[in-house]
Amino acid sequence: MRSVKPTTRRGPRPDRAAKRVGSEYQTAMTSVERKYLKINLGSHLVASETLSGEAIARGGRYLIAKTLLDRGMAKLDPLSPENPLLMLAGPFAGTGFSNANRTSVGCKSPLTGGVKEANGGGTFGYALGQLGIFGLELTGKSDAWVIIHLKADGSAAFDDATPYLGMGNFAAAEALYQRYGKRVALALCGPVGEYGGLLAGVAFSDTDGRPSRLAARGGVGAVMGLKKVKAIVADLALLPKLAEPEKFKGRLKEYTRLLRDHPVIMKFYNQVGTMGMADYQNTVGGLPVRNFSAGQLSGPSEFKMGGSFINQQNRERGGKNTHACMPGCAIQCSNVYNGADGKELVSPVEYETLGLLGTNCGITEPDQLALLNYIANDLGVDTIETGATLALLMEAGLAAWGDADWMVSALAEIAKGSEQGRLWAQGAARVGEHYGLTRIPVIKKQAVSAYDPRVAEGTGITMMVTAQGADHTAGNIPRLSTREMSLEDIIEASYKAQIHSAANDSLGLCIFGGSVTNAQQEFMVNTLNEALGTSLTTDFFENLGKETLRLEALFNQQAGFGRKDDRLPEFFYTESLPPTNHKARFTPEMLEALYRKIEAGATSS
């Protein structure tokens with residue numbers, strides 16, 4: 001074990017704010033500071049840069065894109081040691097502010113070849129905030145496998161990870177808790193990430209200690225594995241310093257009230273969770289079924305793979321239909337799903353997993369899906385990319401639709417890292433090409449999310465144009481009635497959704513609180529000011545989102561991407577999707593107005 005104290009360098013400091021007058025606090029409101037740790041894995045040295053004020057509000061997706069651009073990484077081989085891996089917490093991290101403890105993980109994606117930010121809930125961002133850490137930047141490659149231990153005293157240790165190699169995430173987490181104690185948060189590289197499988201994400205511990213919250217997409221776990229970092233263990237410490245803690249506490253309470261008063265958040269996300277989207281998409285015909293060959297699995301009354309059926313069954317089995325994945329979250333859209341024996345099968349079951357790992361592979365029973373979900377969590381893989389890949393193998397004739405036993409065996413091959421398993425772990429685009437398939441549902445080599453773009457057209461446009469690859473979280477508008485709208489209005493809706501998602505992702509906020517955060521931008525910016533000691537104006541929120549989109553688009557342009565890379569796979573244009581019989585209508589050439597808005601950044605209206 002080698003323990004080091006980070007060397008410190010101060011970043012630029014904004015002006016200090018004036019003293020408050022007539023307040024119960026007679027102290028000057030100074031700009032808050034956080035540490036940004038640059039971890040050189042080759043030398044095991046840690047350099048600490050001190051950030052303050054507005055710099056702490058420009059994290060997540062924004063800082064990932066800016067860092068990659070500033071370092072000239074566009075032409076870099078994403079599997080080279082020089083590809084930095086960033087893990088970033090938001091400005092409210094470490095506090096109980098609802099849905100504000102997500103962790104962004106970013107790099108040049110080995111899956112897409114473009115910019116990538118994937119974020120997950122859990123406790124890791126919370127722990128970083130309590131340690132006063134804004135983010136980590138991992139550079140180079142360790143000679144031997146390591147566990148990085150971020151300690152409460154401010155030091156960092158590089159411990160031998162050999163005993164944990166090859167372990168699934170659940171066994172590894174239990175062993176790490178035995179070694180480091182329970183008052184820690186984990187970021188884990190699973191066994192697929194260890195050998196550079198592009199299905200791999202980075203797994204974070206949840207509020208009960210499960211390593212089941214993933215920053216899943218884009219192959220970020222493969223980059224962690226190729227750097228030979230098995231895990232990062234962060235001690236839970238103290239609440240972070242805030243400029244005006246009492247005012248911030250009041251904002252926290254008001255934000256929680258706004259969330260609990262909002263009908264969409266409490267009647268959908270809280271009561272049903274994201275699983276409710278499966279019921280909706282099945283009804284409107286936008287659900288991925290058998291490799292996007294149909295949009296409806298069954299009639300709504302017979303449908304078992306959505307929130308209506310699963311919540312009722314889970315309630316009867318003694319499971320939890322509301323669960324907070326991160327500390328302080330009032331939305332609690334997660335769940336703990338129990339089997340017929342009343343024992344936990346998996347946590348959580350979410351819509352994207354139901355869609356891609358479930359109905360897209362012909363699975364019709366929730367218990368089968370829950371087992372597959374658990375295995376995927378244990379391997380630390382993206383259930384969207386994994387489900388799309390397994391569906392392609394089924395389409396290639398390796399198994400019948402709905403053969404859950406074969407799917408379990410396929411995941412076992414991926415876990416072992418056999419020659420066949422390593423091929424399958426490279427994701428849908430590469431697997432589809434290997435087997436000579438033509439119906440490969442990817443954009444920029446990343447699997448399309450669980451919204452068929454022939455029906456969920458607004459989300460489809462987002463998935464086409466975003467630099468992130470086919471990623472619904474870049475601006476999801478699945479209920480938009482696009483067949484009744486002009487293209488101009490659809491473009492504007494997608495653009496607004498993308499701005500808001502980029503802003504939330506840059507602030508460590510879960511987008512499921514967007515019904516409040518996006519509508520209460522003045523409130524959110526004032527909260528930032530009281531937390532950080534800044535004087536930001538209300539337009540900061542949207543400008544942050546716009547600038548993030550611009551930087552991401554610029555990086556992908558430098559990496560060699562063009563409009564042609566944004567086109568949907570051809571079968572979406574040529575095949576009618578039952579039961580609506582819709583075909584895809586939009587091509588990149590039709591979306592030039594949207595590209596211009598994105599490329600203009602904060603100057604765009």
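This is a predicted model, so every value here is computed, not measured. Values reported hereafter were calculated over all heavy atoms of this structure, with side chains retained and with hydrogens, waters and symmetry mates removed. Along the sequence shown, the residues carry numbers beginning at 1.
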>> Any non-hydrogen side-chain atom of L297 less than 4.5 Å from a side-chain atom of M305?
In response: yes
> Is a donor on one side and an acceptor on the other found under 3.5 Å between the side chain of T466 and the backbone of G469?
Replying inline: no
>> Looking at every non-hydrogen atom in both residues, tell me the closest pair between K108 and A74 and how far apart they are.
In response: NZ-O, 2.6 Å
>> Please check: side-chain N/O of N504 versus main-chain N/O of C510, any donor-acceptor pairing under 3.5 Å?
In response: no
> Does a side-chain N-to-carboxylate-O contact under 4.0 Å join R563 and E589?
Replying inline: no
> Taking the six-membered ring for Trp, are the ring centroids of Y280 and Y351 within less than 6.0 Å of each other?
Replying inline: no
> Taking atom types as modelled, is there a side-chain donor on R317 or Y337 under 3.5 Å from an acceptor on the other?
Replying inline: yes
> If you measure from the Lys or Arg side-chain nitrogens to the Asp or Glu carboxylate oxygens, is any gap between R430 and E433 under 4.0 Å?
Replying inline: no
> Can you check whether R61's main-chain N or O pairs, donor with acceptor, with D505's side chain at less than 3.5 Å?
Replying inline: no
> Taking it one step at a time, do N360 and V289 satisfy side-chain contact (heavy atoms from CB on, under 4.5 Å)?
Replying inline: CA-CA 4 Å; N360 195 51; V289 177; over 6 Å; no
> Looking at K444 and D566, does any basic side-chain N land under 4.0 Å from a carboxylate oxygen?
Replying inline: yes
>> Check this for me, if you would: do D367 and K304 make a salt bridge, where the nitrogen-to-carboxylate-oxygen distance has to be below 4.0 angstrom?
In response: no
> Does R102 reach the main-chain N or O of N119 with its side chain, forming a donor-acceptor pair under 3.5 Å?
Replying inline: yes
> Tell me the ring pair (Phe, Tyr, Trp, His ring centres under 6.0 Å) pairs involving residues 286-322, sequence neighbours left out?
Replying inline: F292-F572
> Below 4.0 angstrom, N of the basic side chain to O of the carboxylate: do R217 and D382 qualify?
Replying inline: yes
> Between T383 and L356, is a side-chain contact (heavy atoms from CB on, under 4.5 Å) present by the stated rule, with each step listed?
Replying inline: CA-CA 7 Å; T383 55; L356 271 299; over 6 Å; no
> Do H323 and D208 have side-chain atoms, one donor and one acceptor, less than 3.5 Å apart?
Replying inline: yes
>> Please check: side-chain N/O of N83 versus main-chain N/O of P78, any donor-acceptor pairing under 3.5 Å?
In response: yes
>> Could you check whether E570 pairs with R439 (Lys NZ or Arg NE/NH1/NH2 to Asp/Glu carboxylate O, under 4.0 Å)?
In response: no
>> Can you confirm whether the side chains of N270 and Q332 place a donor and an acceptor under 3.5 Å from each other?
In response: no
>> Under a plain distance cut-off of 3.5 Å, with no hydrogens placed, do S212 and S347 share a side-chain donor-acceptor pair?
In response: no
> In this structure, which one of Q498, Q446, E552, E117 forms a side-chain hydrogen bond (donor to acceptor under 3.5 Å, both in side chains) with Q468?
Replying inline: E552
>> Is any side-chain heavy atom of L369 closer than 4.5 Å to one of T353?
In response: yes
>> Main chain of G362, side chain of T359: is a donor-acceptor contact present, judged purely on distance under 3.5 Å?
In response: no
> Is a donor on one side and an acceptor on the other found under 3.5 Å between the side chain of E352 and the backbone of A450?
Replying inline: yes
> Taking it one step at a time, do V442 and V448 satisfy side-chain contact (heavy atoms from CB on, under 4.5 Å)?
Replying inline: CA-CA 5 Å; V442 300; V448 171; 5.7 Å; no
> Sub-3.5 Å donor-acceptor pair from the side chain of S104 to the main-chain atoms of G60, do we have one?
Replying inline: no
> Is a side-chain N or O of N101 found less than 3.5 angstrom from the main chain of M326, in a donor-acceptor match?
Replying inline: no
